[in-house]
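Heads up, the thing below is written out as structure tokens.
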Amino acid sequence: MSRRSPPGEFELIRRFTQALPVRGEGVRVGPGDDAAVLAPPAGEELVATADAVVAGVHFDRAFTPEDVGWKALAVNLSDLAAMGARPLWALVCLGVPPGARAAELVRLGRGLGACARRHGIAVAGGNVTRAAELSVTVTAVGAVPHGRALLRAGARPGDLVLVTGTLGDAALGRVPGAPAALARRQRRPTPRLAAGRALASVARAAIDVSDGLVQDLSHLCEASGVGARIGVADLPLSAAARRLSRGGAAARDAALSGGEDYELLLAIAPSLLPAAQAAAAKARTPLTVIGRFVRGRGVRVVGPTGAAVAVAARGHDHLRAPSAL
Ligand SMILES: [Mg+2]
């Protein structure tokens, strides 16, 4: 890798790696060899995912280097949470543009390391290469008991649609002058790992909300071969979101299609609602019923009177702030 890498590559890798937890469960050989050697937990299956964050696409100058490192790992851990997995290891590929300062990359490593430590995982390896833009590509691996991974397929008509936490905060966090609590949801998302594991044995299907509630619910519906109906009045909004949009449409639109909430969206049989609520409470995670799965296809959003509500832009742009408050 040396010829394609920036000058001072080995020193940079050394300093970047210093900020990372490199030891952990099942890590036989960590960074420093040609590849990591990892021992899968006995009786479990591995769950693996990869995602990148790229300058100008997923983050901008509003992000500190620590934010970028945190978010690069957190978005991957959110996918593991949606599978009901326990996170174990991450591999990190850093794309470094000409002129990047070593101090900035060390700070990025600190943010990524903080997220890894918070969630008890080891960064077992990776690579640094020259690139046109700063980018961080993370591969995250977790484990689930054999045959117990929570999938998008499995929701049945009559099941409840539930979501963890609050929706729309991350999108509203991009509004200039947004309160720090909302901006933080945008830059330092919290993967719902504890809730994912606690709900894995209760839920029939799950997905994490990365692209926006309606879009991600559509993916779950498609995989399950069902439709869904959700109520606008039931959407969980934070107090900060309500205040910022003064009770207006911005909070509702951000909750429906804003994206990057990294909450979990779940299908749960009505008879298992008390068990789901108990599991979420144990994981200290708010859980809200927002609708039902129905026969058919597609997601219908209804207002308090039952009238259909049009959903604005589907498919969100990571760096676009909601246009109107
Ligand atoms: Mg996902």
Side-chain angles (χ1 to χ4, degrees), residues 12-33 36-41 44 46-53 58-59 63-94 102-128 134-144 164-165 170 180-181 183-198 208 210 260 262-264 282-285:
L12 182 62
I13 290 175
R14 194 187 63 79
R15 291 183 61 187
F16 180 73
T17 308
Q18 256 176 2
L20 305 173
V22 296
R23 275 188 265 278
E25 179 185 339
V27 180
R28 301 284 179 259
V29 178
D33 215 306
V37 181
L38 306 167
E44 297 195 81
L46 297 180
V47 179
T49 185
D51 212 343
V53 295
H58 303 95
F59 62 88
F63 286 67
T64 66
E66 287 88 346
D67 291 334
V68 174
W70 177 284
K71 190 163 181 176
L73 181 55
V75 300
N76 281 277
L77 297 184
S78 178
D79 278 327
L80 294 185
M83 303 296 287
R86 173 169 64 96
L88 292 171
W89 313 304
L91 303 173
V92 179
C93 290
L94 204 55
E104 187 186 356
L105 302 176
V106 170
R107 289 177 61 192
L108 193 153
R110 275 193 209 125
L112 200 151
C115 186
R117 273 189 200 90
R118 172 74 60 86
H119 299 102
I121 73 163
V123 179
N127 179 44
V128 177
L134 182 63
S135 69
V136 192
T137 306
V138 174
T139 301
V141 182
V144 288
T164 60
R184 193 171 171 81
R185 292 272 327 250
Q186 163 66 223
R187 300 200 288 260
R188 301 254 179 154
T190 303
R192 293 294 195 182
L193 287 157
R197 288 178 69 190
D208 68 323
S210 54
E260 299 201 292
Y262 299 107
E263 296 293 352
L264 299 182
K282 216 171 162 189
R284 294 163 188 245
T285 307

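Sequential numbering from 1 along the given sequence is applied to the chain's residues.
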Problem set entry | Residue pair Leu91 / Val138, side-chain heavy-atom distance below 4.5 Å | no

For this session: Can you establish whether the number of heavy atoms outside Arg184 located under 6.0 Å from its atom CZ is more than 12?
Result: no

Seminar exercise, completed: Val144 and Ala85 have their tightest heavy-atom pair at CG1-CA, 3.5 Å

Seminar exercise, completed: Of Leu105, Leu108, Asp51, the one forming a side chain to side chain contact (heavy atoms under 4.5 Å, CB included) with Val136 is Leu108

For this session: For Gln18, enumerate each residue passing the side-chain contact (heavy atoms from CB on, under 4.5 Å) test, keeping only those at least two apart in sequence or located in another chain.
Result: Arg14

Exercise. Of all heavy-atom pairs between Ala116 and Pro21, which one has the smallest distance, and what is that distance?
Worked result: CB-CG, 3.6 Å

For this session: Go through Leu134 and Phe59 one step at a time and tell me if the side-chain contact (heavy atoms from CB on, under 4.5 Å) criterion holds.
Result: CA-CA 10 Å; Leu134 182 63; Phe59 62 88; 4.1 Å; yes

Exercise. Are any non-hydrogen side-chain atoms of Val141 and Val47 less than 4.5 angstrom apart?
Worked result: no

Exercise. Taking atom SG of Cys115 and atom CG of Asn76, what is their separation to the nearest 0.5 Å?
Worked result: 9.5 Å

Seminar exercise, completed: Contacts of Arg15 meeting side-chain contact (heavy atoms from CB on, under 4.5 Å) (sequence neighbours excluded), chain-then-number -> Glu11, Ala102, Val106

Exercise. To the nearest 0.5 Å, how far apart are CG in Leu88 and CG in Leu38?
Worked result: 9.0 Å

Exercise. Quick one: does Ser210's side chain get under 4.5 Å of Val75's, heavy atoms only?
Worked result: no

Seminar exercise, completed: All heavy atoms of Ala283 vs all of Ala198, minimum pair found to be CB-CB, 4.2 Å

Exercise. Sub-3.5 Å donor-acceptor pair from the side chain of Thr164 to the main-chain atoms of Leu264, do we have one?
Worked result: yes

Exercise. Are any of the side-chain heavy atoms of Leu73 and Ile121 separated by less than 4.5 Å?
Worked result: yes

For this session: Could you tell me which non-hydrogen atom of Pro189 sits nearest to which non-hydrogen atom of Ala74, and how far apart they are?
Result: O-CB, 3.6 Å

Problem set entry | Asp33 side chain to Val29 backbone, donor-acceptor under 3.5 Å | no

For this session: Would you give the length of the straight line joining atom CZ of Phe16 to atom CG of Leu94, rounded to the nearest 0.5 angstrom?
Result: 4.5 Å

Exercise. Below 4.5 Å, heavy atoms only, C-beta onward: do Val22 and Thr17 meet side chain to side chain?
Worked result: yes

Exercise. Please walk me through it: do Leu112 and Val92 pass side-chain contact (heavy atoms from CB on, under 4.5 Å)?
Worked result: CA-CA 10 Å; Leu112 200 151; Val92 179; 4.0 Å; yes

Problem set entry | Atom pair CZ (Arg110) and OG1 (Thr64), whose distance is rounded to the nearest 0.5 Å | 11.5 Å

Exercise. Are any side-chain N or O atoms of Trp89 and backbone N or O atoms of Gly26, one a donor and one an acceptor, separated by less than 3.5 Å?
Worked result: no

Problem set entry | For the student: nearest non-hydrogen atoms of Ala124 and Ala36, plus distance | O-CB, 3.4 Å

Exercise. Does the side chain of Trp70 come within less than 4.5 Å of Arg118's, by heavy atoms?
Worked result: yes

Problem set entry | Student check: side-chain heavy atoms of Thr49 and Leu80 closer than 4.5 Å | yes

Exercise. Any side-chain heavy atom of His119 sitting closer than 4.5 Å to one from Leu193?
Worked result: yes

Problem set entry | Gly84 to Arg197 - nearest heavy-atom pair and separation | O-CG, 3.7 Å

Exercise. When Glu66 is tested against each of Arg187, Arg107, Lys71 for salt bridge (Lys or Arg N to Asp or Glu O under 4.0 Å), which residue passes?
Worked result: Arg107

Exercise. For Arg192 and Asp208, what are the C-alpha separation, side-chain angles and deciding distance, and is it a salt bridge (charged side-chain N to carboxylate O under 4.0 Å, His left out)?
Worked result: CA-CA 9 Å; Arg192 293 294 195 182; Asp208 68 323; over 6 Å; no

Exercise. Could you go step by step and tell me if Arg185 and Glu260 meet the salt bridge (charged side-chain N to carboxylate O under 4.0 Å, His left out) rule?
Worked result: CA-CA 9 Å; Arg185 292 272 327 250; Glu260 299 201 292; over 6 Å; no

